[in-house]
Amino acid sequence: MTSAHRWAVSCLKKTTDVLAGSPPLLARLVAGVHFPNPIGLAAGMDKNGVALLAWEALGFGFVEIGTITAYPQPGNPQPRLFRLPEQEALINRLGFNNEGAIAIARRLKEMKEKARWPRIPVGINIGKSRVTPTSEAAKDYLMSFQTLYGLGDYYVLNVSSPNTPGLRDLQGKEALATIIKTLRDWEGTPQKPLFVKVAPDLAEEDLMAVVELAEEEKLAGLIATNTTLDHTMLPPSKDQAGGLSGRPLRIKSLETLRLIRRQTALPVIACGGIDDAASAAERFRAGAHLLQIYTSFVYQGPALIREMCAHLDCFSS
Ligand SMILES: Cc1cc2nc3c(=O)[nH]c(=O)nc-3n(C[C@H](O)[C@H](O)[C@H](O)COP(=O)(O)O)c2cc1C
C-alpha cells in the first residue's frame, strides 16, 4: 500500500465517522435556521448546486451555493485559478462562472422533488451578472432572488467579489440600500434570512455604514469576508491578478469580524483563512456565530471539518 493510498483510505474512514452525524452540542440556531454544526462550505466551490448531498456526507454543517447570477455566464478566460501551496493560499479570478438562476433553480427543485435534498441548511449566494450595468444592479439581484426564492434556507447578497468590474461599489450604503429594499418590497412578509457578504478591504467607515444598514434593514447578518485584493503579504514572484484567499487572509478577515462585532450584535458568519481548530476557535472568541471554509478545505480535505468540530465542543452554548 502506498502512502497516498493509506492517506486516502484514512480520510474515507474519517468521513464515515462524520456520516454518523454531528453531536447535538455543536448545533446552532442562527436567524431562525437550525445548523447541525457551525462549519460551512463557503460560496464558490459548488457554484451550480450540483453536489449538495456530498457536502452533508463530508460533514459540513451547511453549504452556500453560488455565486449565482441572473444570466448564465462563462466567467473569465483561463487560467483563472492559481495555487500557492507554500502559503496555503489561492488566487482566483473566476468571474462568477455559473449556469444562471433559471437552470440552477430547475435543478434545485428537481432535487427537492426527488428527495435528494440534504439535511443541512443550504444558503444561496447571488451576485450581479456581468452584462448588467451597475446602475441596474437591483433589478438583476431581484431576478435571481425571485427565481431562486423558497429554495434556500438563507440568501446572501454578494457585493464583495473582486472579479466583476464595479461589484464592490455596491457595498456603498446607497447602492446596497436600493438592492435590499428592492428585494424586500417584492418579498413582503415573511422574509427569508438575508445576509450581506463583505470584502476585507473596506475602509472602517464604509464597513460601519454597511453594518448600520444591516441593522436598519433588519438583515439576518453579515458574512465576513470575501477574498482580498491586498497581495502585499505575497512574494512578488507568486503574484497574480485576482482575489487572494487562505492563510494570508486570516488576519484581515479576523480584524473585519472584530470591527463588526464592536458595532453590532447581529450574527456574523466568519470566513477567510480559517485553517485549523485554533483559528476556528479564535473566530468564535471574536464573536462569530458560524464559520465557513474554502481554501483550507482544498488543501486539507474533509478531515479538517472533523478536527474543527472535535475542538469546538467547548465553545457550544
Ligand atoms: C476559487 C474560489 C472561488 C470563489 N468564488 C466565490 C463566489 O462565487 N462567491 C463568493 O461569495 N465567494 C467566492 N469565493 C470566496 C470564498 O467564499 C471565501 O469568502 C474566501 O475564499 C475566503 O475564505 P477561505 O480563506 O477559507 O478560502 C471564492 C473563493 C475561491 C478560492
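Just follow the structure's listing: the first ligand is 1, and inside any ligand the first atom is 1.
For Gly246, the heavy-atom gap to ligand 1 drops under 4.0 angstrom. Under a 4.0 angstrom heavy-atom cut-off, Ile274 registers as lying outside contact with ligand 1. At least one heavy atom of Thr225 sits closer than 4.0 Å to an atom of ligand 1.
Residue Lys47 places at least one N or O, backbone or side chain, under 3.5 Å from an N or O of ligand 1.
At a heavy-atom cutoff of 4.0 Å, ligand 1 is contacted by the side chain of Asn125 but not by its backbone. The part of Leu249 lying near ligand 1 is the side chain, judged by heavy-atom distances below 4.0 Å.
Under a 4.0 Å N-O distance rule, the pair Arg119/Glu56 qualifies as a salt bridge. Using a 4.0 Å cut-off between charged nitrogen and carboxylate oxygen, Asp206 and Lys173 do not count as a salt-bridge pair.
Ring geometry for Tyr155 versus Tyr149: interplanar angle under 30°, hence parallel rather than tilted (30 to 60°).
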Just distance, no hydrogens or angles: give the donor-acceptor pairs under 3.5 Å from side chains in residues 262-272, sequence neighbours left out.
unit_1 : atom_1 : unit_2 : atom_2 : d
Thr264 : OG1    : Glu215 : OE2    : 2.5
Thr264 : OG1    : Leu266 : N      : 3.0

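Proximity of a side-chain donor or acceptor of Gln300 to a complementary backbone N or O of Asp275 within less than 3.5 Å is detected. A donor-acceptor pair under 3.5 Å is absent between the side-chain atoms of Asn226 and the main chain of Val198, judged by distance alone.
Among the candidates Lys114, Arg107, Lys112, Arg106, the single residue satisfying the side-chain hydrogen bond (donor to acceptor under 3.5 Å, both in side chains) test with Glu110 is Lys114. Just one residue in the list Thr69, Thr182, Thr134, Thr132 forms a side-chain hydrogen bond (donor to acceptor under 3.5 Å, both in side chains) with Asp140, and that residue is Thr132.
To the nearest 0.5 Å, atoms CE (Met45) and OH (Tyr294) are separated by 4.5 Å.
Of the protein's heavy atoms, Gly44 CA, 3.7 Å lies nearest to atom 4 (C) of ligand 1. Looking only at protein heavy atoms, the nearest one to atom 31 (C) of ligand 1 is Ser245 OG, 3.4 Å. Among protein heavy atoms, the minimum distance from atom 27 (O) of ligand 1 is reached at Thr295 OG1, 2.6 Å. The protein heavy-atom contact nearest to atom 14 (N) of ligand 1 is Ala43 O, 3.4 Å. Closest to atom 26 (O) of ligand 1, if we only count protein heavy atoms, is Tyr294 N, 3.1 Å. Ranking protein heavy atoms by distance to atom 30 (C) of ligand 1, first place goes to Asn92 ND2, 3.4 Å. From the protein, the heavy atom lying nearest to atom 7 (C) of ligand 1 is Thr67 OG1, 3.5 Å. The nearest heavy-atom contact from the protein to atom 20 (C) of ligand 1 is Thr227 CG2, 3.8 Å.
The residue among Gln292, Arg250, Arg247, Lys197 with a heavy atom at the shortest distance from atom 12 (N) of ligand 1 is Lys197.
Applying the 4.0 Å criterion to heavy atoms of Leu81 picks out, from ligand 1, the atoms 1 (C). Heavy-atom contacts of Leu94 reach the following atoms of ligand 1: 1 (C), 3 (C) (cutoff under 4.0 Å). Residue Cys271 approaches ligand 1 through these ligand atoms, each under 4.0 Å from one of its heavy atoms: 18 (C), 19 (O), 22 (C), 23 (O). Each of the atoms 31 (C) of ligand 1 lies under 4.0 Å from some heavy atom of Leu90. Close contacts between ligand 1 and Gly273 involve ligand atoms 24 (P), 25 (O), 26 (O) [criterion: under 4.0 Å to a heavy atom].
Side-chain N/O atoms of Asn163 and Ser161 include no donor and acceptor closer than 3.5 Å. Side chains of Asp239 and Ser237: a donor-acceptor N/O pair is absent below 3.5 angstrom, by distance only.
Under the salt bridge (charged side-chain N to carboxylate O under 4.0 Å, His left out) criterion, Lys192 pairs with no residue, sequence neighbours left out.
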